[in-house]
Amino acid sequence: MLSLDALNRPQREAVTHPAGPLLVLAGAGSGKTRVLTWRIARLLAGGEDPGSILAITFTNRAAREMKERVRALVGSKVSEGMWISTFHSACVRLLRQELGRVGRSPGFTIFDADDQHTLMRRCLQRAQLAERQYAPALVLSMVSQAKSRLEGPAEFAARPGGYQHQRIYELYRLYQEGLRENHALDFDDLILETVLLMREHTDIRRHYQGRFRHVLVDEYQDTNFAQYELVKLWAAQHRSVFAVGDDDQSIYRFRGAEVRNLLSFEADYPDAKVIKLEENYRSTQNILDAAHYVVSQNLYRREKRLWTQRPAGEPVLVLAVEDPGQEAELVARGVEERVAAGVALSQCAVLYRTHAQSRPFEEACVRRGLPYSIVGGVGFYARKEIRDLLAYLRLLVNPYDYLSLRRAAQVPRRGLGEASLTRLEEHGRRNGLTVLEVLARAEDVEGLGPRQVRAAGALGELLSPLATPALTTSVRCLVQSTLDGSGLRDEITGEATDLAEAQGRLENLEEFLSACEEYERSGDGRGLAGFLEGMALMTDGDRWDDKQDRVVMMSLHSAKGLEFDTVFLVGLEEGLFPHARSLDDNQELEEERRLCYVGMTRAKNRLYLSWARERALFGRRAAGIPSRFLAGLPCGPAQPLFPPERASVHRPAPGPGPEVTVPWRVGERVRHPRFGGGTIVAVQGAGETAQVAVAFPGNGIKQLLVQYAGLERKEG
DNA sequence: ACAACTTGGCTTTTT
DNA sequence: GCCAAGTTGT
């Protein structure tokens with residue numbers, strides 16, 4: 001039996017808790033993955049059937065890590081047959097397994113954000129609504145919210161609402177119709193359809209409820225209503241839900257996550273046990289203090305405080321810089337410093353609020369020859385050449401994917417335009433034909449000229465030899481022949497105006513090919529369909545190879561669940577972080593603050609926060625105001641980053657008129673509302689936006705932003 | 001049908 | 001500052 005000495009008391013209690021509902025409130029870095037893996041390992045070591053275990057994570061990366069760690073504890077033989085996956089993967093698996101049995105096609109395609117967008121635009125056209133008034137993104141987000149509440153079009157229509165609501169309903173209905181016609185499901189459908197399937201079919205429900213004797217859910221605070229219902233449904237018979245989460249790390253409200261699911265766990269399961277993990281094994285006390293200071297400003301949270309046995313460590317540092325260029329330069333220098341101190345490059349991370357901020361950091365790394373990887377942003381498979389190729393491949397897997405036909409038929413150009421494609425599509429849909437059938441018999445399509453019929457036939461002939469052996473040939477070969485047959489390569493080299501760019505795009509295709517190879521080596525054995533499905537369900541973070549020794553740059557959202565020796569949390573300015581879109585809603589503001597907390601708690605040993613006095617926004621330059629998250633933050637003294645002559649900055653006076661400078665001076669006596677009287681020991685900037693380090697007798701040195709600190713000058 | 005050009009619109013975060 | 005959609009001309 002596994003020895004439990006490696007666990008602390010509450011961890012051990014969670015791991016050994018008898019079957020039954022259990023909520024583990026696990027603070028950042030408190031060893032929640034450890035608890036989950038040990039729990040599973042203990043169950044297996046105790047003779048539990050691996051097939052009775054269902055563990056849900058939010059990313060494939062987390063699932064993979066958990067599998068590996070369980071295997072390391074009990075060996076791969078014992079752990080064979082468990083379900084450890086994301087909600088979405090588990091649902092796909094279940095749907096593929098069961099849909100056939102209830103007379104529905106298990107061969108659906110998963111539509112990603114891009115496909116959803118394209119489809120919604122077509123719905124708008126069909127409904128004769130102007131895109132101006134009904135932005136596809138907005139309608140899609142309403143549809144997504146509806147689905148995450150388990151509302152189909154009918155339920156959505158039943159909600160009270162005016163004219164606008166009625167139009168959205170129509171779009172929702174059209175959109176669902178479009179998905180069905182293309183034999184496709186979107187991300188939200190995966191969950192929704194699984195819930196419906198389980199609810200409607202007693203035999204299926206019974207089967208899974210009987211099977212899943214242990215349901216474990218990671219990041220429980222990030223579940224939406226549909227996922228929450230699904231967990232209840234899965235676990236209904238054995239009622240052994242092992243939920244792990246942290247309300248302070250709830251950062252997905254915008255996509256329907258409800259912390260309420262976590263906070264009301266005890267109401268759902270009155271016999272639930274709740275265990276808190278508050279000992280942190282990751283960060284220094286200084287980092288924890290700073291992070292706690294930020295998140296504790298939130299009104300809506302369960303009070304908890306992380307502690308560590310580790311020493312205080314270096315103080316958290318706030319860097320005030322001129323502009324993003326300097327910010328990047330400084331970060332790059334900081335990375336070099338850490339590397340010189342023996343820290344691995346891959347243990348240094350740059351975290352930002354929006355992907356748009358990554359560019360200067362990338363440039364700074366190139367200038368200094370620092371290897372880096374960017375996680376997310378314009379994702380690999382969002383690139384044009386990849387999506388073009390994917391259109392062909394998806395057509396081979398799903399012969400009803402008319403959306404992909406459109407794309408494949410237009411890149412490269414082959415004499416079929418918008419009008420002809422619409423005719424082909426309408427015809428195919430009306431008669432329930434596959435794409436290939438329509439293309440082969442294009443002469444049956446009304447309103448098509450002889451030229452177009454010939455073009456359609458040619459496309460069909462190009463596709464059909466590929467389509468035949470789709471499931472048997474090796475994925476790599478298939479992709480290779482698609483690439484050759486489609487003329488996509490020539491398309492890139494032919495239209496190239498920028499040679500380097502064309503080169504890059506060809507390289508991307510090569511990378512795609514090697515991804516195919518890698519997939520085949522993984523031995524999944526599900527051919528092209530399996531490969532495409534994996535791609536659809538993969539996040540950018542999942543694609544990131546953390547074995548490579550490179551500085552990593554990513555959004556704060558992608559950073560959740562990761563840890564680094566050194567973290568540079570950049571762009572801490574009002575309007576950027578917290579983001580402008582969240583400023584008028586307190587709930588969203590609190591989410592931003594939690595996001596800040598998540599970012600800060602990624603750091604093990606060093607944490608740097610930076611803000612820029614000036615930042616280009618919308619191509620216009622704007623003055624940067626330090627983020628409210630910095631106000632009063634317990635951190636080290638101001639950093640002497642600039643030559644002295646630049647340490648004082650002019651601030652425009654309100655309205656026209658001369659600029660005023662109100663310098664604070666080292667040695668000046670000030671008063672702080674909370675810390676009392678003190679003396680300035682360092683200054684950066686001037687006037688309202690200045691940062692000062694003040695020594696308070698008995699309170700130590702605090703770095704303060706004048707603007708928020710409520711600092712008053714004392715005479716004399 | 002398609003390519004070159006112009007306009008305008010706007011940006012969170014992601015399974 | 002960028003990209004994507006719309007408009008024009010061949």
Side-chain angles (χ1 to χ4, degrees), chain A residues 56-63 85-92 110-114 116-118 121 124-125 130-132 135-138 140-141 144 147-148 185-192 219 222-224 226-227 250-257 324 351-357 359-360 375-379 382 384 409-421 449 451-452 455 495 497 535-542 554-560 571 575-583 585 588-589 591-592 594-596 598-599 615-622:
Chain A
I56 297 295
T57 61
F58 266 82
T59 65
N60 292 297
R61 168 174 292 274
S85 70
T86 62
F87 269 108
H88 298 271
S89 304
C91 288
V92 169
I110 301 164
F111 267 16
D112 62 24
D114 212 89
Q116 290 177 279
H117 193 81
T118 312
R121 291 194 58 215
L124 283 158
Q125 282 166 12
E131 261 184 53
R132 289 275 187 80
L138 195 84
L140 279 170
S141 94
S144 170
K147 287 181 180 180
S148 71
L185 296 180
D186 67 16
F187 286 121
D188 299 303
D189 282 339
L190 297 175
I191 315 289
L192 176 75
E219 310 280 16
D222 286 335
T223 53
N224 63 31
Q227 292 163 333
S250 154
I251 56 173
Y252 286 113
R253 207 179 74 99
F254 72 92
R255 69 170 195 213
L351 308 182
Y352 34 74
R353 177 68 242 266
T354 68
H355 287 297
Q357 290 165 255
R359 189 68 65 77
V375 177
V378 180
K384 186 178 173 298
Q410 302 201 43
V411 192
R413 309 264 149 195
R414 31 175 57 99
L416 289 172
E418 195 48 42
S420 309
L421 280 169
R451 228 192 162 116
Q452 280 71 289
E495 77 172 32
T497 47
M535 284 198 94
L537 294 174
M538 196 97 79
T539 66
D540 295 299
D542 297 328
M554 63 173 93
S555 71
L556 286 157
H557 284 88
S558 320
K560 179 141 102 152
L576 188 60
F577 192 28
H579 196 273
R581 300 267 282 236
S582 67
L583 294 180
D585 177 21
E588 286 188 43
L589 201 60
E591 177 142 310
E592 295 282 305
R594 291 192 292 271
L595 191 55
C596 187
V598 166
R615 182 176 299 270
L617 215 59
F618 290 121
R620 210 184 283 287
R621 47 195 217 160

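All chains are named by letter (A, B, ...) in the order of the sequence lines, taking the proteins before the strands, and each is independently numbered beginning at 1. The model shown is predicted, which means the values in this text are computed figures rather than measured ones.
One P atom belongs to B:dT12, the other to C:dA5, and the distance between them is 16 Å to the nearest Å.
A:Leu576 places its CG atom 10 Å from the P atom of B:dT13, with the value rounded to the nearest Å. Between the CZ atom of A:Arg353 and the C1' atom of B:dT11 there is a distance of 11 Å, given to the nearest Å. One interatomic measurement links the two molecules: CD of A:Glu588 to P of B:dT12, which rounds to 11 Å at whole-angstrom precision. Atom pair A:Arg615:CZ and B:dT11:C1' shows a separation of 15 Å (rounding to whole Å applied). As rounded to whole Å, 13 Å separates atom P of B:dT15 from atom CG of A:Leu190. A:Glu219 has its CD atom 13 Å from the C1' atom of B:dT14, to the nearest Å. Between the P atom of C:dA5 and the CZ atom of A:Arg121 lies a distance of 5 Å, rounded to the nearest Å. As rounded to whole Å, 13 Å separates atom P of B:dC10 from atom NE2 of A:His117.
If you check distances only, the side chain of A:His88 does reach the base of B:dT15 with a donor-acceptor pair under 3.5 Å. Contact annotation: side chain of A:Arg255 to base of B:dT13, donor-acceptor pair absent below 3.5 Å. Put simply, the side chain of A:Arg581 and the base of B:dT12 share no donor and acceptor less than 3.5 Å apart.
At a threshold of 4.0 angstrom between heavy atoms, the contacts of A:Ser558 are confined to the sugar-phosphate backbone, with no base atom among them. Residue A:Phe87 is classed as having no contact, given no heavy-atom separation below 4.0 Å to the nucleic acid. Here A:Phe58 lies in heavy-atom contact (under 4.0 Å) with sugar-phosphate atoms only. At the heavy-atom level, A:Ser420 lies under 4.0 Å from the strands shown only through sugar-phosphate atoms.
Atom-to-atom distance recorded for A:Asp186:CG and A:Ile110:CD1 is 10.0 Å, nearest 0.5 angstrom.
Each of A:Leu190, A:Leu537, A:Thr57 was evaluated against A:Thr86; a single residue qualifies, A:Thr57, per the side chain to side chain contact (heavy atoms under 4.5 Å, CB included) test.
Legend: residues meeting salt bridge (Lys or Arg N to Asp or Glu O under 4.0 Å) with A:Asp222, ordered by chain and number and at least two apart, are A:Lys560.
The shortest distance between the side-chain N/O atoms of A:Ser582 and the OP1/OP2 oxygens of B:dT12 is not below 4.0 Å.
Stacking here means ring centres nearer than 5.5 Å and ring planes tilted less than 30 degrees, and by that measure A:His579 stacks onto B:dT12.
Ring centroids of A:Phe254 and A:His557 are separated by less than 6.0 Å, placing the two rings close together.
Between the side chain of A:Gln116 and the backbone N or O of A:Leu140 there is no donor-acceptor pair closer than 3.5 Å.
The nucleotide whose nearest atom lies closest to any side-chain atom of A:Glu592 is, among B:dT12, B:dT15, B:dT14, B:dT12.
When each of A:Leu595 and A:Leu421 is assigned the nucleotide of DNA chain B with its nearest heavy atom, A:Leu421 is the one assigned upstream, toward the 5' end.
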